[in-house]
Amino acid sequence: MKKSFIKAERTFILLLSAGNIIFVLVCILASFIIHSRNSFVAPVPPEETQTEQAQRMSAPSADDGDNPIGALYVKITGSSVVLSDDNGDGTSGYSEIRLGSRYRYIDEKVDPLGNKWYKFQYSSDKTGWVNENSATLIITPPRGKESIRDFVAEIGKKYGAVGIQVAVIHHGAVGETYEYGYATKGSVPMGPDHKIRAASVTKVVVGMNAMKMREEGIIDLDADISEYWNSKLARPITMRQLLTHTSHLKYLKSNGSRNGTLSQLKSPASYRASAGWLYNNYAIGIAGATLEVAANRTLNSYANEKFFAPLNIDTAFNSGEIREKRLIATLYNPNDSVSRTAAASAGFSKKGVGSNAPFFAGGLTISAKDLAKLTAILANDGTYEGVRYLSEESVQLMETSSCLAESRGHDFEQCIPLRYQTDIYGQSRMYYHLGIAYGTLSILSYNPDTRDGVVVISTGASQVHDDRGIFRICGEIVDYIYNS
């Protein structure tokens with residue numbers, strides 16, 4: 001019996017040892033499984049995930065004056081920043097910007113996650129941040145400016161405008177319009193259809209009509225205009241010279257009659273000793289009057305047939321010819337005093353052929369929306385909504401530089417009669433014209449590559465200029481919209 005007990009005890013010990021071994025093995029296996037599972041809970045993120053995380057991060061806080069310009073993809077290579085407007089994996093479309101050039105290095109910061117941000121200046125007063133991981137140039141929007149309409153209102157208040165109209169051209173089509181303030185202060189809110197004397201942007205419309213007459217064989221840009229007046233003038237003058245401000249004419253006061261204008265042109269006292277660029281309202285008035293005598297009809301009549309009526313535009317060089325006179329806006333000086341009443345603008349009487357020279361330098365009375373339609377013709381190489389108004393050749397002639405000119409300390413290319421600048425308001429290039437008269441400040445502008453454009457007409461605003469020689473109220477709105 002004792003032997004049986006010892007045998008049973010040995011068997012029990014062997015079984016217990018085997019159980020312990022199995023238990024230990026199970027524990028080891030469980031530990032391995034748990035450890036393996038934990039290793040899948042927080043793996044090292046793949047490179048794409050890290051990039052996504054970086055792209056979702058916010059840039060450092062916006063500085064005052066920062067504006068949205070969308071996203072540009074970048075490569076940081078030593079002393080250069082390589083920018084592109086697409087995220088392709090090749091180098092096509094990239095351009096190298098060296099530090100210290102227009103995209104000037106300003107600062108760098110490290111965010112709480114350890115990502116480095118580089119700050120660059122991309123215009124005279126705008127800055128943006130480049131993140132080294134996301135490879136995206138991020139421009140943070142200014143605080144409190146949630147829409148273009150809010151921004152226009154803010155700028156109107158900033159510069160003391162009584163009224164503002166803005167029209168936007170998207171890819172050659174007129175899109176949104178924005179209004180601020182009053183057409184008549186305190187009683188008539190500014191609407192999209194109110195007509196404002198748009199000042200010198202009128203010259204561009206005169207130029208468009210000249211190009212149309214050139215296409216129809218009515219005029220030659222380089223012929224002496226004496227043949228249209230059927231009288232020998234004191235000096236030879238061409239339409240091209242008149243429209244590019246390069247004639248010998250002095251800056252005189254336009255005469256309100258055909259015979260009076262002809263007398264001025266025949267007088268040697270009306271001419272400068274030497275030619276050269278001179279911004280000249282009088283010369284543009286002569287250009288418009290010459291178009292009238294060449295076509296033997298008023299320019300308003302001609303423009304209405306070729307442009308205004310087909311585009312459903314109620315406008316006129318002589319505001320007395322506006323059909324809906326109730327829509328004519330009051331003009332205000334920067335101190336809010338009335339510069340010209342709506343009634344006075346509506347009271348200009350219709351004049352005959354060759355007698356409208358005073359109106360062609362700045363008399364076009366129009367809404368920003370309708371002026372944008374005319375601007376879109378140029379942006380679209382002569383067409384609008386499938387209808388051709390000018391030939392491509394005519395638009396190219398208008399966009400051809402005649403000379404380098406200077407205004408308010410800044411150079412630009414003088415075209416017919418457009419102006420041209422590069423690297424302006426975030427655009428590689430831009431054609432434009434400004435207007436200032438009777439308290440109106442205006443600009444029409446377009447980029448021929450994108451076919452985008454912006455038109456601004458304001459009344460009563462401060463007449464300060466930016467570093468491009470453009471009225472700040474117009475330039476800041478144009479800059480914001482182009483880069484939104």
Side-chain angles (χ1 to χ4, degrees), residues 65 67 69-70 72 83 85 95 97 101-104 121-127 155 166-169 172 198-205 207-208 240 243-246 276-280 284 368 371-372 374-381 395-436 441-458 463-484:
N67 273 331
I69 67 167
L72 293 175
L83 303 174
D85 58 4
S95 61
I97 308 294
S101 65
R102 192 173 76 85
Y103 284 79
R104 186 168 64 87
Q121 182 174 354
Y122 66 90
S123 74
S124 61
D125 60 350
K126 305 296 189 303
T127 57
I155 292 299
V166 179
V168 183
I169 301 167
S200 288
V201 295
T202 300
K203 296 175 174 65
V204 176
V205 183
M208 293 173 70
R240 189 189 300 272
L243 292 172
T244 57
H245 306 286
T246 56
W277 186 85
L278 171 69
Y279 188 77
N280 196 333
I284 298 294
L371 184 57
L374 295 167
T375 304
I377 291 173
L378 301 177
N380 285 318
D381 291 328
V395 177
Q396 290 172 0
L397 282 170
M398 290 188 70
E399 294 177 347
T400 300
S401 174
S402 172
C403 63
L404 184 67
E406 182 271 335
S407 178
R408 302 179 183 93
H410 200 92
D411 293 341
F412 60 87
E413 298 287 338
Q414 177 66 63
C415 304
I416 306 180
L418 294 161
R419 296 180 177 186
Y420 175 75
Q421 289 193 45
T422 57
D423 290 328
I424 178 170
Y425 302 144
Q427 306 302 293
S428 59
R429 60 191 188 124
M430 186 180 86
Y431 289 96
Y432 69 101
H433 206 291
L434 306 176
I436 174 173
L441 301 177
S442 60
I443 186 172
L444 66 77
S445 68
Y446 67 94
N447 181 332
D449 300 324
T450 63
R451 295 183 294 118
D452 294 337
V454 184
V455 173
V456 181
I457 308 176
S458 70
Q463 299 176 358
V464 293
H465 303 88
D466 63 18
D467 61 357
R468 290 288 189 160
I470 293 171
F471 310 115
R472 284 192 177 276
I473 187 170
C474 297
E476 290 184 24
I477 292 173
V478 168
D479 188 18
Y480 188 90
I481 293 175
Y482 273 134
N483 295 308
S484 291

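The figures here come from the full heavy-atom set of this structure, side chains too, leaving out hydrogens, waters and symmetry mates.
- For the pair Ile473 and Val456, the minimum side-chain heavy-atom distance is 4.5 Å or more.
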The test is side-chain hydrogen bond (donor to acceptor under 3.5 Å, both in side chains); show your working for Tyr279 and Ser200 and say whether it passes.
CA-CA 11 Å; Tyr279 188 77; Ser200 288; 3.1 Å; yes
Is there a side chain to side chain contact (heavy atoms under 4.5 Å, CB included) between Leu278 and His245? Walk through the geometry before answering.
CA-CA 5 Å; Leu278 171 69; His245 306 286; 5.7 Å; no
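- Rounding to the nearest 0.5 Å places OG of Ser458 at 4.0 Å from CG of Leu441.
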Any chance you could lay out the side chain to side chain contact (heavy atoms under 4.5 Å, CB included) test for Leu434 and Arg419, step after step, and finish with the verdict?
CA-CA 9 Å; Leu434 306 176; Arg419 296 180 177 186; 4.2 Å; yes
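- Atom CD of Gln463 and atom CD1 of Ile436 lie 3.5 Å apart (nearest 0.5 Å).
- Between atom CG of residue Asn280 and atom CG of residue Leu243 there is a gap of 11.5 Å, rounded to the nearest 0.5 Å.
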CA sep, side-chain torsions, deciding dist, call: Ile443, Val455, side chain to side chain contact (heavy atoms under 4.5 Å, CB included):
CA-CA 6 Å; Ile443 186 172; Val455 173; over 6 Å; no
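- Contact between Ala167 and Ala372 at its shortest, heavy atoms only, is CB-CB, 3.7 Å.
- Scored by the side chain to side chain contact (heavy atoms under 4.5 Å, CB included) test, Thr202 finds Val206, Phe317, Leu364 as partners (sequence neighbours excluded).
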Between Thr422 and Glu413, does the side chain to side chain contact (heavy atoms under 4.5 Å, CB included) criterion hold? Intermediate values first, please.
CA-CA 10 Å; Thr422 57; Glu413 298 287 338; over 6 Å; no
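- With values rounded to the nearest 0.5 angstrom, Asn447 atom CG is found 7.0 Å from Asp452 atom CG.
- One distance of note links CZ of Arg451 with CG of Asn380; it measures 5.0 Å at 0.5 Å rounding.
- Inter-residue side-chain proximity for Thr400 and Cys415 is flagged as unmet; no heavy-atom pair is nearer than 4.5 Å.
- Heavy-atom minimum distance, Ala376 versus Gly172: CB-O, 3.7 Å.
- No side-chain heavy atom of Arg468 sits under 4.5 Å from any side-chain heavy atom of Phe412.
- Not one N or O on the side chain of Asp479 forms a donor-acceptor pair closer than 3.5 Å with the backbone of Tyr482.
- Judged as a salt bridge (charged side-chain N to carboxylate O under 4.0 Å, His left out), and not counting sequence neighbours, the contacts of Arg240 are Asp222.
- The side chain to side chain contact (heavy atoms under 4.5 Å, CB included) check on Glu399 picks up Val395, Leu418, Tyr431, Tyr446, Pro448, with sequence neighbours excluded.
- Across Trp277 and Glu406, no two heavy atoms sit closer than the pair CZ3-O, 3.5 Å.
- Using a 3.5 Å distance cut-off with no hydrogens or angles, the side chains of Ser445 and Tyr425 do not pair a donor with an acceptor.
- Between Gly207 and Pro417, the closest heavy-atom pair is CA-CD, 4.1 Å.
- The nearest pair of heavy atoms linking Gln414 to Thr244 is CG-O, 3.4 Å.
- The shortest side-chain heavy-atom distance between Ile470 and Ile424 falls under the 4.5 Å cut-off.
- Shown here are the ring pair (Phe, Tyr, Trp, His ring centres under 6.0 Å) partners of His465, two or more places apart in sequence or in another chain: Phe471.
- Applying the side chain to side chain donor-acceptor pair (under 3.5 Å) test to Ser402 and every residue at least two apart in sequence or in another chain returns nothing.
- Taken to the nearest 0.5 Å, the CD1 atom of Ile169 stands 10.0 Å off from the CD1 atom of Ile377.
- In the model, Tyr432 has a side-chain atom that pairs as donor or acceptor with a side-chain atom of Gln421 under 3.5 Å.
- Contacts of Asp449 classified as salt bridge (charged side-chain N to carboxylate O under 4.0 Å, His left out), with partners at least two apart in sequence or in another chain: Arg429.
- The two residues Met208 and Leu374 have their closest heavy-atom pair at CE-O, 3.5 Å.
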